[in-house]
Amino acid sequence: MPLQPPHVGLYVCGPTVYSDVHLGNVRSFLTFDVLVRWLRHLGYQVRYVRNITDVGHLVDDVDEGEDKIAKRARMERLEPMEIVQKYTNGFHDVMRLFNILPPSIEPTATGHLIEQIGMIGRILANGYAYEVNGSVYFDVPKYAEKHAYGELSGRKIEEQLANTRGTEGQDEKRSPLDFALWKKAEKGHLMHWPSPWGEGFPGWHLECSAMSTKYLGGTFDIHGGGMDLKFPHHECEIAQSTAADGHAPVRYWVHGNMLTVNGRKMAKSEGNGFTPEELITGNHKLLERGYSPMTVRFFMLQCHYASTLDFSNAALQAAEKGLQRLMAANDLLQRLKPSAAGEPFDVAALKAACHAAMNDDLNTPVLIAQLFDGARAINAAHAGKAVLSQADIDELKALFHDMLFTVLGLKAEDGAQAGDDLSDGLMDVLLGLRADAKNRKDFATSDMIRDKLAALGITVKDTKEGVTWERG
RNA sequence: GGUCGCGUGGCCGAGGGGUUAGGCACAGCUCUGCAAAAGCUGCUACUGCGGUUCGAAUCCGCACGCGACCUCCA
């Protein structure tokens with residue numbers, strides 16, 4: 001139950017816009033897209049905040065090393081904000097491609113420096129941070145005296161201390177567990193802003209705390225992100241908000257799981273990922289061919305968000321066929337006539353099962369399984385083997401529309417493989433000749449035309465609705 | 001090394017003490033001049049070994065295998 005029904009506050013950690021959006025991001029944002037769609041379908045008014053990280057995310061570990069965006073800017077010889085704009089645009093394009101709805105608010109870290117500096121001030125005032133040499137660090141041991149640092153990720157502070165690796169080069173920190181709230185800008189640093197502690201830039205974890213507080217309040221309903229953000233990022237967010245404002249910021253944490261390839265996490269650092277473009281075009285050594293955005297979306301939704309999902313050509317192809325089947329059933333449903341013969345079918349029970357699946361921790365694979373049961377009933381009714389009244393059909397139409405398009409966010413993709421006007425025209429001529437031959441029962445000629453076209457990679461199908469063709 | 005999680009039929013993947021997940025593939029059938037496509041039907045699995053139980057894929061223990069986090073990634 002939300003804090004203030006019917007309003008729901010949802011914050012999701014958005015991308016750091018320093019390179020092309022990664023397929024793992026797509027899965028993560030897809031998960032929350034479906035969550036938002038479902039909540040809205042249930043009648044909640046969701047304020048969905050998803051940030052753009054455009055500063056403060058460092059390349060290396062433990063608050064040392066270069067800013068990711070600044071590094072990219074240097075590599076591409078661009079202004080940092082050009083990098084941010086370039087990859088933000090690309091990110092939006094990919095989101096649109098996969099039919100992922102935009103958030104209600106998409107704040108940037110650089111646009112909320114005042115809020116971040118204010119939050120650091122509150123943390124300092126409460127004694128949970130200290131300034132060293134123009135940088136401000138969060139005092140984790142101090143915080144851990146009164147609060148459960150590591151609770152979210154099930155970590156114990158002693159264990160962490162024991163496991164900490166070398167602390168060379170971070171003498172400014174009192175404890176290796178401490179993390180930066182504000183970093184002093186060294187000479188030559190491309191991105192820096194004035195602050196009470198001098199020129200510098202904000203720590204990565206801070207932006208989410210500051211912006212979620214600003215737009216959703218000190219405590220809000222749901223915070224989402226990838227599993228890999230659980231620690232330390234989200235742990236730090238909890239600590240920052242608690243240290244600044246005295247209470248935990250989030251009621252429910254939702255973490256999406258990773259994408260794997262051949263059993264290994266798909267990660268930028270592993271080099272085993274493909275970009276969304278490569279997945280669609282099939283232009284990657286791991287891909288036999290391309291898959292449409294909706295195929296990919298459906299493929300991802302056939303797995304629960306909290307489970308790892310393994311990419312393979314066979315699995316993608318299975319999803320593609322399954323999606324076609326479901327969409328074909330939905331098309332059939334639109335022109336289905338009532339059927340009074342055969343087995344009865346309980347549409348209300350199907351609807352209840354669909355809702356139950358989604359209410360059970362967003363179980364999209366079970367929802368999809370239910371829809372396949374509906375598809376079977378639709379086909380059976382079409383064949384006169386299942387009973388569906390006009391009222392049943394209307395209800396089923398509404399259910400399929402809601403689940404397929406509104407909630408799962410799928411959309412029809414034209415399978416039309418037709419090319420330019422010239423080839424369309426040529427095909428019309430050839431298929432017309434073939435139809436004439438068939439009418440004369442000159443099957444040798446009609447099959448010859450079909451076989452020659454097949455040799456060119458064009459498949460001709462005689463369906464009940466007429467002749468269709470597509471490029472293989 | 002520490003923490004956590006997983007191991008389901010040919011493949012992908014839900015579920016989670018007794019009852020069909022679902023999809024793909026495969027086989028048979030229907031429809032078709034023949035194909036293709038489509039539809040229908042069939043295909044009953046839970047890593048191994050112990051234990052708890054009337055009953056375990058599901059709970060507990062051990063073993064093996066795999067993965068994630070512990071350092072940037074959604």
For [N], does the base pair up with any side-chain atom of [X] as donor and acceptor (N or O, under 3.5 Å, distance only)?
X	N	result
D462(A)	rC34(B)	yes
N363(A)	rG15(B)	no
R325(A)	rA38(B)	no
R264(A)	rC66(B)	no

Pairing residues for D310(A) by the side chain to side chain donor-acceptor pair (under 3.5 Å) criterion, not counting sequence neighbours: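 Only T260(A) meet the side chain to side chain donor-acceptor pair (under 3.5 Å) criterion with D310(A).
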Contacts of type side chain to side chain donor-acceptor pair (under 3.5 Å), residue N313(A), not counting sequence neighbours: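 Here the qualifying residues are Y291(A).
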With heavy atoms under 4.0 Å as the rule, sort [X] into base, sugar-phosphate or nothing.
X	result
S307(A)	sugar-phosphate
V460(A)	base
G225(A)	sugar-phosphate
N257(A)	base
L371(A)	nothing
H22(A)	base
K438(A)	base

Atom-pair distance ([atom1] on [X]; [atom2] on [N]), nearest Å:
X	N	atom1	atom2	value
K173(A)	rU71(B)	NZ	P	10 Å
I378(A)	rG22(B)	CD1	P	16 Å
M327(A)	rG23(B)	CE	P	16 Å
L23(A)	rA74(B)	CG	P	13 Å
M227(A)	rC4(B)	CE	C1'	10 Å
L367(A)	rG13(B)	CG	P	18 Å
K68(A)	rA74(B)	NZ	C1'	11 Å
L309(A)	rG67(B)	CG	P	17 Å

Pi-cation contact, Y305(A) with R27(A) (under 6.0 Å, within 45°):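 No cation-pi geometry.
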Side-chain donor-acceptor pair present, D54(A), T110(A), cut-off under 3.5 Å: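 There is such a pair between these side chains.
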Contact list for RNA chain B against residues 314-322 of chain A - heavy-atom distance below 4.0 Å: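 Result for residues 314-322 of chain A: A315(A), A318(A), K321(A), G322(A), sorted by number.
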N or O in side chain of R376(A) less than 4.0 angstrom from rG23(B) OP1/OP2: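 Result: yes.
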Stacking of F443(A) on rG33(B) base (centres under 5.5 Å, planes under 30°):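 Yes, F443(A) stacks on the base of rG33(B).
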Sub-4.5 Å side-chain heavy-atom contact between V467(A) and K461(A):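 Answer no - side chains too far apart.
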Sidechain N-carboxylate O distance under 4.0 Å for K351(A), D402(A):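 Looking at K351(A) and D402(A), the cut-off is not met.
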Note: E320(A)-R289(A) ion pair, threshold 4.0 Å (strictly below):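 Result for this pair is yes, salt bridge flagged.
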Along RNA chain B (nearest heavy atom to each residue), the more 5'-positioned of N379(A) and F372(A):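 In this pair, the answer is F372(A).
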Which residue lies more 5' along RNA chain B, comparing V366(A) with K461(A) via nearest heavy atoms: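 The 5'-side residue here is V366(A).
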Distance (rounded to the nearest 0.5 Å) between S241(A) OG and H205(A) NE2: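 The OG atom of S241(A) sits 13.0 Å away from the NE2 atom of H205(A).
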For residues 293-300 of chain A, which side-chain donor-acceptor pairs fall under 3.5 Å, sequence neighbours excluded?
residue	atom	partner	partner atom	Å
T295(A)	OG1	S292(A)	OG	2.9
R297(A)	NE	L408(A)	O	2.8
R297(A)	NE	G409(A)	O	3.2
R297(A)	NH1	D33(A)	OD2	3.2
R297(A)	NH1	F98(A)	O	2.8
R297(A)	NH1	N99(A)	O	2.9
R297(A)	NH2	D33(A)	OD2	2.8
R297(A)	NH2	L408(A)	O	2.8

Pairs meeting criterion ring-ring contact (aromatic ring centres under 6.0 Å, His included) with involvement of residues 357-382 of chain A, two or more places apart: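 Qualifying pairs, neighbours excluded: none.
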Base-pair map of RNA chain B as dot-bracket, where | denotes pairing with a different strand and pairs are Watson-Crick or G-U under 3.5 Å: (((((((..(((.....[...))).(((((.......)))))....(((((..]....))))))))))))....
Smallest separation among heavy atoms of F32(A) and V12(A), with atom names: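 What the structure gives for the nearest pair is CG-CG2, 3.6 Å.
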